[in-house]
Engineer: 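Dropping a structure here in structure tokens format, bear with me for questions.
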Amino acid sequence: MDPFLWAAVFVLAVSFISNVSPFFGASYTLLATLQLTLLGFTPFNFVAVVVLSAIGATLAKVVIYYGAFGFRDLLLRNKNVRLIGRSASSPKFYAALFVTALMPVLPLDDFIYIGAGASSTSIGRMTAITYAAKTIKSLVEVALEFTILSDLRTLFNFRSIDVTVVLTSLFLVIGVLVYQVDWEAAYRRLVGRPMGADGSTVASS
């Protein structure tokens with residue numbers, strides 16, 4: 001197989017697989033950067049790696065959405081899922097989606113896609129916003145990782161695959177723990193306001 005075609009398939013597959021399971025936060029941009037290193041840096045190769053990694057990550061989130069849609073009866077028992085459903089389609093919801101999709105390390109956008117899928121939020125705008133965020137994320141991370149990866153590997157004497165395995169395990173544990181937190185109760189404690197029966201904040205007198 002042509003080296004570029006192999007690299008393209010690898011980047012697309014890894015970015016998809018690393019994002020398709022909720023709470024699974026493997027460093028797909030790091031593996032994409034390794035492919036860029038093997039191919040050799042050119043503007044075309046760099047753009048291709050960035051775009052393909054963003055496409056794979058975005059498609060994975062869409063799969064999470066439809067997976068949650070299939071289990072909506074079960075998921076709607078979760079307070080956090082209902083909270084996302086009440087906030088869906090608001091400007092703040094899409095802003096939160098963009099920020100969480102852009103954030104490195106923790107796959108917090110998984111939580112939003114699970115809640116949105118369970119509450120049947122429109123997927124079209126979510127996909128566009130996620131792709132934009134993932135493109136920016138890949139652009140920044142691949143550029144930085146390509147620049148510093150060789151020096152870090154030499155300095156600390158680690159293998160990139162070891163780092164990916166460790167981070168994946170850590171993100172899985174953190175993700176499960178975060179989803180067990182009652183977000184509404186935490187919000188009430190934060191702002192010091194009770195919540196109404198419909199979940200809305202009750203203004204203090």
Side-chain angles (χ1 to χ4, degrees), residues 1-68 97-114 116-117 123-172 174-175:
M1 183 183 291
D2 178 76
F4 177 81
L5 182 58
W6 160 252
V9 171
F10 180 86
V11 170
L12 185 63
V14 165
S15 60
F16 177 84
I17 293 171
S18 298
N19 284 273
V20 75
S21 178
F23 319 128
F24 189 85
S27 181
Y28 66 95
T29 59
L30 177 59
L31 294 176
T33 302
L34 294 177
Q35 287 299 310
L36 179 60
T37 302
L38 294 174
L39 284 174
F41 184 90
T42 67
F44 177 80
N45 288 346
F46 175 71
V47 171
V49 165
V50 167
V51 169
L52 287 169
S53 61
I55 290 174
T58 302
L59 290 176
K61 302 307 178 183
V62 174
V63 171
I64 290 176
Y65 172 93
Y66 283 108
L97 174 61
F98 181 84
V99 171
T100 55
L102 188 62
M103 288 174 59
V105 184
L106 292 176
L108 298 179
D109 49 341
D110 288 354
F111 304 132
I112 295 180
Y113 268 91
I114 290 173
I123 187 62
R125 186 178 296 180
M126 290 181 65
T127 302
I129 290 173
T130 300
Y131 176 69
K134 294 301 183 184
T135 300
I136 296 172
K137 180 178 186 291
S138 294
L139 181 69
V140 173
E141 291 188 4
V142 171
L144 288 175
E145 289 162 356
F146 184 85
T147 301
I148 67 177
L149 184 58
S150 296
D151 291 339
L152 286 177
R153 186 168 55 236
T154 300
L155 181 62
F156 295 105
N157 193 30
F158 63 70
R159 293 185 304 165
S160 298
I161 190 64
D162 293 337
V163 176
T164 300
V165 171
V166 171
L167 290 178
T168 298
S169 302
L170 178 62
F171 299 156
L172 178 62
I174 293 175

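Every heavy atom of this structure was used, including side-chain atoms; hydrogens, water molecules and symmetry mates were not. This one's a predicted model, so the numbers in the text were calculated from it and none came from an experiment.
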Engineer: Got a second to check how far Thr29's OG1 is from Lys137's NZ, nearest 0.5 Å?
Structural biologist: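 Nearest 0.5 Å value for the OG1-NZ distance: 5.0 Å.
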Engineer: Taking all atoms of both residues into account, what is the closest heavy-atom pair of Leu102 and Ala133, and its distance?
Structural biologist: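 The pair with the smallest heavy-atom distance is CD1-O, 3.3 Å.
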Engineer: So, for Ile64 and Asn19, which heavy atoms are closest and what is the spacing to 0.1 Å?
Structural biologist: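 Minimum heavy-atom contact is CD1-O, 3.2 Å.
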Engineer: Tell me which donor-acceptor pairs under 3.5 Å the side chains of residues 44-56 have, and how far apart each pair is, sequence neighbours excluded?
Structural biologist:
{"from": "Asn45", "atom 1": "ND2", "to": "Gly40", "atom 2": "O", "distance (Å)": "2.9"}
{"from": "Asn45", "atom 1": "ND2", "to": "Thr42", "atom 2": "OG1", "distance (Å)": "3.3"}
{"from": "Ser53", "atom 1": "OG", "to": "Val49", "atom 2": "O", "distance (Å)": "3.0"}
{"from": "Ser53", "atom 1": "OG", "to": "Val50", "atom 2": "O", "distance (Å)": "2.9"}
{"from": "Ser53", "atom 1": "OG", "to": "Ser138", "atom 2": "OG", "distance (Å)": "2.9"}

Engineer: With a 4.5 Å cut-off on side-chain heavy atoms, are Val14 and Gln35 touching?
Structural biologist: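 The answer is no, as the side chains (C-beta and beyond) never meet within the 4.5 Å cut-off.
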Engineer: Please name all residues satisfying salt bridge (charged side-chain N to carboxylate O under 4.0 Å, His left out) with Lys61, sequence neighbours left out, ordered by chain then number.
Structural biologist: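 Listed in chain order: Asp109, Asp110.
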Engineer: Can you name the residues that form a side chain to side chain donor-acceptor pair (under 3.5 Å) with Thr130, not counting sequence neighbours?
Structural biologist: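 Thr130: side chain to side chain donor-acceptor pair (under 3.5 Å) contacts with Tyr113.
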Engineer: Please name the pair of heavy atoms, one in Thr147 and one in Ala143, separated by the smallest distance, quoted to 0.1 Å.
Structural biologist: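 In this case the closest contact between Thr147 and Ala143 is OG1-O, 2.8 Å.
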Engineer: What distance separates Lys134 NZ from Phe98 CZ, expressed to the nearest 0.5 Å?
Structural biologist: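 Separation between the atoms: 11.0 Å.
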Engineer: Between Phe16 and Leu12, is there a side-chain heavy-atom distance shorter than 4.5 Å?
Structural biologist: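 No, every pair of side-chain atoms sits at 4.5 Å or beyond.
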